[in-house]
There are 2 protein chains.
Amino acid sequence: MPKPRPTKPARKPANRYHHGDLPHAMLQEAVRTIQKDGVDALTLRCVGERLGVSRTALYRHFADKQALLAAVAAEGFRTLRISLLAAWETGGRGRAGFDAMGVAYVQFAVAHPSHYRVMFGGAVRPGNRHQDPNDPGPSAFQVLVDAIVEQQRAGLIRDDAALQLARFIWAVVHGIAMLALDGILSAAEAGTLAKFANERMRTGLAP
Amino acid sequence: MPKPRPTKPARKPANRYHHGDLPHAMLQEAVRTIQKDGVDALTLRCVGERLGVSRTALYRHFADKQALLAAVAAEGFRTLRISLLAAWETGGRGRAGFDAMGVAYVQFAVAHPSHYRVMFGGAVRPGNRHQDPNDPGPSAFQVLVDAIVEQQRAGLIRDDAALQLARFIWAVVHGIAMLALDGILSAAEAGTLAKFANERMRTGLAP
DNA sequence: ACCTGAACACCGTTCAAGT
DNA sequence: ACCTGAACACCGTTCAAGT
């Protein structure tokens, strides 16, 4: 049985292939999917479909799915960096600003749990990450280091190596965020713990 | 073309179906695979094959793959609990023992990175976890709480709520472990950071 | 009660081919 | 340069059927 020939050749949308920036559109779509349904729901087929493009089109712009996930992670670190910086600045670059940074960090994780998990879930293989000075991961971390150095100069924090102090503090906020993400702490409990941690750290890290 | 009938009916190994405890064997095999090749390498087909059993046999004993992963996580918490307890006891249940617990925690994570990730990767959905008093997760956490209470009685730690203190300390060691797992810290750097954290926490949490 | 085997609806990835 | 479409080698899961 001959299937009826469509009157029009069922042409795709007018665009040659796709609008301007397919790689960026794919990244956006991936972030959206992860945020909405979790990382397991992210399939290249879905991304392609949602963008009106073949499911193999992605390979023109990313090496593979891993590479897409790495881009998602990088995007997360970029957003996180901006949030931290904003908290630090609007908080007055002092003690209050630093506390606000901690809260902002935990809030980012709680607000974007799946995205946060991609950033730290081992999806991004180490690789040459350390080489690239524009890598948003270290770049976000640097915001923390800078804030510590500034407080050291203001006599608010003891004069240990800033890198070591930054790692310590990062471990605390990351740990709190993880407890919240695993449902061991509610968002409210995480907030309380963050405040408690802030107090105790002030004592432990005083000059 | 008739395919040649085998002289013997190609019978399986003598056992009726399998040796004694198939669920436990599956769990062991899953842990081994994850430890060796990562969680992505874990497939139900491989587990079945390795155990000389159909790839759907697992469904007799676990609801699905998620349930197997949950069992892997639980097994990890059981092992972790024993390690922590051992460090605490052999360290003399005091200040030294508590420091040893921290080191043991980080070492567990570094020695079993993939397994550790399953324990905290969100693979185990919250569910009714909180109800079960034998859940090895809370049980491992309890070791930490107990150690803190004992030190409070000995006048080594300030008299804040033990639960809050435990969460704080847990966040620190977990954060350090994560930094190590992500390759941001080497195992050696993680050790150094753990020591630094210990010192600062002693100050911050002193009575 | 416990396991099998075929089937189903999915995956990520490759590659020749189109424009 | 950019994308398609068919094909490949995998998945987790279901279900009737076997012992």
Side-chain angles (χ1 to χ4, degrees), chain A residues 3 5-6 8-27 29-30 33-34 37-73 118 121-125, chain B residues 3 5-6 8-27 29-30 33-34 37-73 118 121-125:
Chain A
K3 62 178 163 185
R5 189 163 54 85
K8 286 188 179 182
R11 63 176 175 80
K12 322 214 79 168
N15 330 355
R16 307 179 329 217
Y17 292 121
H18 182 263
H19 40 37
D21 193 350
L22 186 53
H24 187 254
M26 284 170 160
L27 176 57
E29 183 57 37
T33 304
I34 288 170
D37 298 317
V39 70
D40 285 345
L42 179 71
T43 76
L44 303 189
R45 292 160 132 85
C46 265
V47 170
E49 204 167 293
R50 212 76 75 93
L51 263 51
V53 109
S54 162
R55 52 199 194 253
T56 58
L58 180 131
Y59 288 90
R60 279 296 121 192
H61 310 286
F62 296 91
D64 52 14
K65 192 182 182 179
Q66 277 289 324
L68 177 61
L69 281 174
V72 168
V118 171
V124 187
R125 289 285 147 244
Chain B
K3 62 176 162 186
R5 189 162 54 84
K8 287 188 181 182
R11 63 176 175 79
K12 320 215 80 169
N15 330 353
R16 305 182 326 219
Y17 290 121
H18 182 263
H19 41 35
D21 194 349
L22 186 53
H24 187 253
M26 283 171 161
L27 176 56
E29 183 57 38
T33 304
I34 288 171
D37 299 315
V39 69
D40 285 345
L42 179 70
T43 75
L44 303 190
R45 291 159 132 86
C46 266
V47 170
E49 204 168 293
R50 212 75 75 92
L51 263 50
V53 107
S54 162
R55 53 200 196 251
T56 58
L58 180 131
Y59 289 89
R60 279 296 122 193
H61 309 286
F62 296 91
D64 52 14
K65 193 182 183 180
Q66 277 289 325
L68 178 60
L69 281 174
V72 168
V118 172
V124 187
R125 289 285 147 243

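In what follows, chains are A, B, ... by sequence order, proteins preceding strands, each numbered from 1. Side-chain atoms are counted along with the backbone in the values below, which use heavy atoms only and exclude waters and symmetry mates.
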Q) For B:R45 and D:dT14, what is the distance between atoms CZ and P respectively, to the nearest whole Å? A) 13 Å

Q. What's the OH-P distance between A:Y59 and C:dG12, to the nearest Å?
A. 7 Å

Q: Taking all non-hydrogen atoms of both residues into account, name the closest pair between A:A30 and A:V72 and its distance.
A: CB-CG2, 3.9 Å

Q) What is the distance from CZ of A:R60 to P of D:dG5, rounded to the nearest Å? A) 15 Å

Q. Considering only side-chain heavy atoms of B:D64, which listed nucleotide, D:dC2, C:dT13, D:dT13, is closest?
A. D:dT13

Q. B:V53 has a side chain; which of D:dT4, C:dC3, D:dT13 sits nearest to it?
A. C:dC3

Q: Send over the distance from A:L22 CG to D:dA1 C1', rounded to a whole Å.
A: 13 Å

(Q) For A:A57 and B:L44, find the nucleotide of DNA chain D closest to each by heavy atoms; which residue's nucleotide sits nearer the 5' end? (A) A:A57

Q. Tell me: CG of B:L58 to P of C:dT4, nearest whole Å?
A. 12 Å

**Q.** Pair A:L69-A:L42, side-chain contact (heavy atoms from CB on, under 4.5 Å): steps then yes or no
**A.** CA-CA 10 Å; A:L69 281 174; A:L42 179 71; 3.9 Å; yes

Q) Over how many whole Å does the gap from B:Q66 atom CD to D:dC11 atom P extend? A) 18 Å

Q: Give the rounded distance in Å between these two atoms: CZ of B:F62 and P of D:dT14.
A: 16 Å

Q) Just checking B:L68: base, sugar-phosphate only, or nothing, at a heavy-atom cut-off of under 4.0 Å? A) nothing

Q) Does A:R55 make a side-chain donor-acceptor contact with the base of C:dG12, cut-off 3.5 Å? A) no

Q.
Check the phosphate of C:dC3 against B:H61, side-chain N and O only, distance under 4.0 Å to OP1 or OP2. Yes or no?
A. yes

Q: Please determine, for D:dT13, whether a Watson-Crick or G-U wobble partner exists with both distances under 3.5 Å, and give it or none.
A: C:dA7

Q.
Without decimals, in angstroms, what is the distance between A:D40 CG and D:dT13 C1'?
A. 15 Å

Q: Report yes or no: is there a donor-acceptor pair, N or O only, under 3.5 Å between the side chain of A:T56 and the base of D:dG5?
A: yes

(Q) Let's test this: given Watson-Crick or G-U wobble pairing with both distances under 3.5 Å, identify the partner of D:dG18. (A) C:dC2

Q | Working for side-chain contact (heavy atoms from CB on, under 4.5 Å), residues B:R55 and B:L44 | A | CA-CA 6 Å; B:R55 53 200 196 251; B:L44 303 190; 5.6 Å; no

**Q.** Minimum-distance pair of heavy atoms, taken over all atoms of A:P23 and A:H61
**A.** CG-ND1, 3.4 Å

Q | From A:D40 atom CG to B:Q66 atom CD, the distance as rounded to the nearest 0.5 Å | A | 7.5 Å

